[in-house]
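Below is one structure, written out as structure tokens, with a few remarks after it.
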Amino acid sequence: MRMSQLFGKTLREQPSDADTESHALLIRAGFVSQLMSGVYSFLPLGNRVRLKIENIIRNEMDSAGAQEILMPALQPLQLWDQSGRSATMGEVLFQLTDRRSRALVLGPTHEEVVTDLLGKFIFSYRDLPLTLYQIQTKFRDEARPRGGLVRVKEFTMKDAYSFDLTDDDLSTSYQTMFDSYEKIFSRCGVPVVPVDADSGAIGGKGSQEFIFLSENGEDTIAQCDNCSYAANLEKAEFLRENFSEEPMLGLEKIETPNSTTIAELSASLGIENRQTAKAVMYMAIPHNGGSEIPILSIVRGDLEISEVKLSNVLGGVNLRPLGEDELLSLGLTPGFMSAVQLESLAQVVADESVITARNLVAGGNQKDWHYKNSNYGRDWEASITADIAEVIAGARCRCCSSGELSLSRGVEMGHIFRVGQRYSDALGVVVQDSTGNSITPTMGCYGIGVGRIFAAASEVGINENGLRWPISIAPYHCSLVALGFDKDESIREDAELLYRELTEAGVEVLFDDRGLRPGVMFNDADLIGNPIRLTVSTRNQKEGMVEVSNRYSDEISHVARDSTVNHIKEEIKVLFDAL
RNA sequence: CGGGGCGUAGCUCAGUCUGGCAGAGCGCUGCUUUUGGGAAGCAGAGGCCCUCGGUUCGAAUCCGAGCGCCCCGACCA
């Protein structure tokens, strides 16, 4: 490709609405352009990167035995009513109507459509296992798009769906996809950490995310420093340590003026946060539109309630925290709440941490009063005891019991789910087994965000001069800069010849034939970030050389003009092998 | 949806407080000089100052409403 013909323009200044450095560079280098909040165009350079990522995914999916299809983005709302997700997905689901007032949605994911499709063609156990995939545009009406390409309303996703007869078979299909994902991320030059995850609105019996660690990420993950345990904070488990083996002391009511927070309370009593019990009130909003149920959740004072865990414990309800006024109107005392003598007012859900702890200070359910020496089982009880606390840094790993968990930020690149029979059940899809019995197939589903790989890869290679792409997804293998192209006939001839030779040898070249000042062309080459840069100039030409600069090794070398093509092919091979 | 910031040339922004000719740099067009790390000069083109309403002799500027973009939070396969 000739730079003189390339659509898109590099910008000298930082775009005002880009927050992260990598996203700012993608805009400055002319890879993407924003149409509106959460919606982007891909310009020729960005589009090449996108297509290369897709082809790596396609290649690995095909190798794993998955078959590519393409399903519609436009779907009948009725299918979503059938699965129950028109209610659970809520406002994220883009809805519209056609000219005959038929209710439609723009697909945010395709479990319903693929299951419906399966039901039309699969009737026998002989047809399974089967894995289908597509690379397609998804639509989600996100409340707040952010982070450039990280959270957007329209995006390209590879989504795959496996169907098996048994859970064991599902595990095999799942593992195949897991392995395939590791290869995909590795080939794209994006390091990821697989973590246990919450399955959210997809549902199912367990899922894993592939997280790209980044300060710009919106997910937090916990990793053990001793064993291989890693999990999304929404899911991460940890050991509750017993801080006290002491015997239960007598319950006392003590005056604690103005101690409405755990910090104030423990400071005024001279105790540690973990010697208190924290009570947080929620309203559980059932999906079926029934009336709200008050939930009193209790954790040890040094911990926080995980709303995701709490919601899961209660069967996936939506939770709404209560404001101070609302608490008062229910007869509760904000800042001084506990489950002691309050079990009748709300369903009490207690974290494991408060079950074994002894003699905690808990709210007195009366302004300016607390209970001292409250103990679970004696002074109060919960209808549910479960893991509803969020991991804190330094917590003990539940997996190996000896390691400590650390927390890091990251972006979810992919998510794989053991979904089970939820959708086959909802849509009535069955196959016959060898004895003629009806079997409901079990499903796995597997997603990768193409745009997120794009964003992550751009962030990995970034340096002070611009982008730096992994060779596998770089828009071009190399930039060819011809100094004096506009003036010097012999430079022109030589650069054109080299361009032709490289192209014919299968090397992808972005040829800067604009004849601008050297600094402009060098800076643009750096900004765009193709891994190798070639320079043809009078100076090099006199020596019979071409200058080769490798953005990964940071080496600048001079290669004989005759052997340039072979040399470049070799450097490209080395870069590919390093991935 | 709550909180904050912003909206003026293609881009980055000044001008708004204190109402009075629509501005700069970059980019773009033409010419001249220049050519190994974002050159210089000369001459140009380019504007619904986000929108609507109000105040005023007069509004980019003040007031009101709305819309859009970004950030924090809520939310989020």
Side-chain angles (χ1 to χ4, degrees), chain A residues 8-20 23-24 27-28 30 33-39 83 85 88-93 107-112 138-148 150-153 155 157-161 197-204 207-209 216 218-219 232 234 285 307-308 311 316 318-321 323 411-417 419 422-423 445-449 452 464-466 481-488 491 512 514-527 533 535-541 547 549 556:
Chain A
K9 198 159 184 43
T10 57
L11 302 175
R12 208 174 279 213
E13 283 172 290
Q14 191 86 348
S16 62
D17 55 3
D19 47 323
T20 64
H23 187 239
I27 295 170
R28 276 188 59 206
S33 174
Q34 184 177 33
L35 175 65
M36 57 187 220
S37 180
V39 180
S83 70
R85 286 210 293 182
T88 54
M89 297 226 36
E91 294 186 312
V92 171
L93 196 60
T109 173
H110 279 67
E111 284 77 15
E112 282 81 356
K138 306 294 185 211
F139 298 88
R140 292 183 189 176
D141 195 358
E142 297 288 355
R144 180 156 90 84
R146 70 180 82 187
V150 168
R151 180 162 295 276
V152 287
K153 295 195 175 203
F155 59 101
M157 177 165 125
K158 186 286 300 175
D159 45 325
Y161 305 90
D198 179 65
S199 353
I202 292 274
S207 74
Q208 286 169 292
E209 291 170 331
N216 301 321
E218 35 177 7
D219 285 291
N232 193 301
E234 295 176 348
I285 310 162
E307 290 186 20
V308 173
S311 161
N318 284 322
L319 293 172
R320 178 173 69 82
V411 181
E412 173 191 0
M413 295 282 113
H415 199 161
I416 59 180
F417 303 78
V419 176
R422 170 173 174 178
Y423 298 95
C445 87
Y446 316 93
I448 290 185
R452 286 187 175 178
E464 66 277 11
N465 296 321
V481 177
L483 301 184
F485 186 86
D486 56 327
K487 289 280 172 12
D488 189 325
I491 288 289
D512 198 336
R514 295 176 298 175
L516 301 176
R517 295 179 67 82
V520 176
M521 295 196 286
F522 286 140
N523 280 317
D524 277 350
D526 289 346
L527 185 59
R533 188 188 73 203
T535 308
V536 171
S537 69
T538 310
R539 186 205 284 174
N540 295 320
Q541 203 179 37
E547 181 184 301
S549 136
I556 297 182

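Letters A, B, ... mirror the listed sequences (proteins, then strands); counts begin at 1.
In this entry B/A39 has B/U33 as its Watson-Crick or G-U wobble partner, both defining distances falling under 3.5 Å. Across the strands present, B/C28 finds its partner in B/G44; the criterion is a Watson-Crick or G-U wobble pair with both atom distances under 3.5 angstrom. Across all strands shown, B/C67 forms a Watson-Crick or G-U wobble pair with B/G7, both key distances being under 3.5 Å. Pair assignment for B/G20: B/C57, on the basis of Watson-Crick or G-U wobble contacts that are both within less than 3.5 Å. Base pairing of B/G73: its partner is B/C1, meeting the Watson-Crick or G-U wobble criterion (both donor-acceptor distances under 3.5 Å).
Remark: side-chain polar atoms of A/Arg533 are not paired, donor with acceptor, to backbone N or O of A/Asp526 under 3.5 angstrom. Between the A/Glu142 side chain and the A/Arg144 main chain, no donor and acceptor come within less than 3.5 Å of each other. Proximity of a side-chain donor or acceptor of A/Lys158 to a complementary backbone N or O of A/Tyr446 within less than 3.5 Å is detected. Put simply, the side chain of A/Arg28 never gets that close to the backbone of A/Gln14: no donor and acceptor are under 3.5 Å apart.
A search for ring-ring contact (aromatic ring centres under 6.0 Å, His included) contacts involving A/Phe485 returns A/Phe511, not counting sequence neighbours.
Side chain of A/Arg151, nearest nucleotide from B/C76, B/C71, B/G37: B/C76. Considering only side-chain atoms of A/Leu527, the nucleotide from B/G38, B/C71, B/C70 that sits closest is B/G38. Each of B/C69, B/C75, B/G27 was ranked by its minimum atom distance to the side chain of A/Lys9; first place goes to B/G27.
For B/G37, its base never sits under 3.5 Å from the side chain of A/Arg12 at any donor and acceptor pair. Evaluation of atom-type donor-acceptor distances gives no pair under 3.5 Å for the side chain of A/Arg146 against the base of B/C71.
In this model, a donor atom of one side chain and an acceptor atom of the other lie less than 3.5 Å apart for A/Thr10 and A/Asp524.
Mapped onto RNA chain B by nearest heavy atom, A/Asp19 and A/Pro321 fall at different nucleotides, with A/Asp19 at the one closer to the 5' end. Residue whose closest nucleotide on RNA chain B sits further toward the 5' end, between A/Met521 and A/Pro108: A/Met521.
Among the protein residues, A/Gly449 comes within range of no part of the nucleic acid, since none of its heavy atoms lies under 4.0 Å from any strand. Within 4.0 Å (heavy atoms only), A/Asp141 reaches no atom of the nucleic acid at all. Using a 4.0 Å heavy-atom distance criterion, A/Glu91 is classed as making no nucleic acid contact.
Taking atom P on both nucleotides, B/G7 is separated from B/A45 by 28 Å, rounded to a whole Å. B/G19 and B/A59: their P atoms are spaced 14 Å apart (whole Å).
In terms of phosphate contacts, A/Arg517 brings a side-chain nitrogen or oxygen within less than 4.0 Å of OP1 or OP2 of B/A39. The shortest distance between the side-chain N/O atoms of A/Ser37 and the OP1/OP2 oxygens of B/G68 is not below 4.0 Å.
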Pairwise N/O distances under 3.5 Å, protein to nucleotides 9-16 of chain B:
residue	atom	partner	partner atom	Å
B/U12	OP1	A/Ser16	N	2.9
B/U12	OP1	A/Ser16	OG	3.0
B/U12	O2'	A/Glu13	OE2	3.3

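Between A/Glu111 and A/Arg422 no salt bridge is recorded (no basic side-chain N to carboxylate O distance below 4.0 Å).
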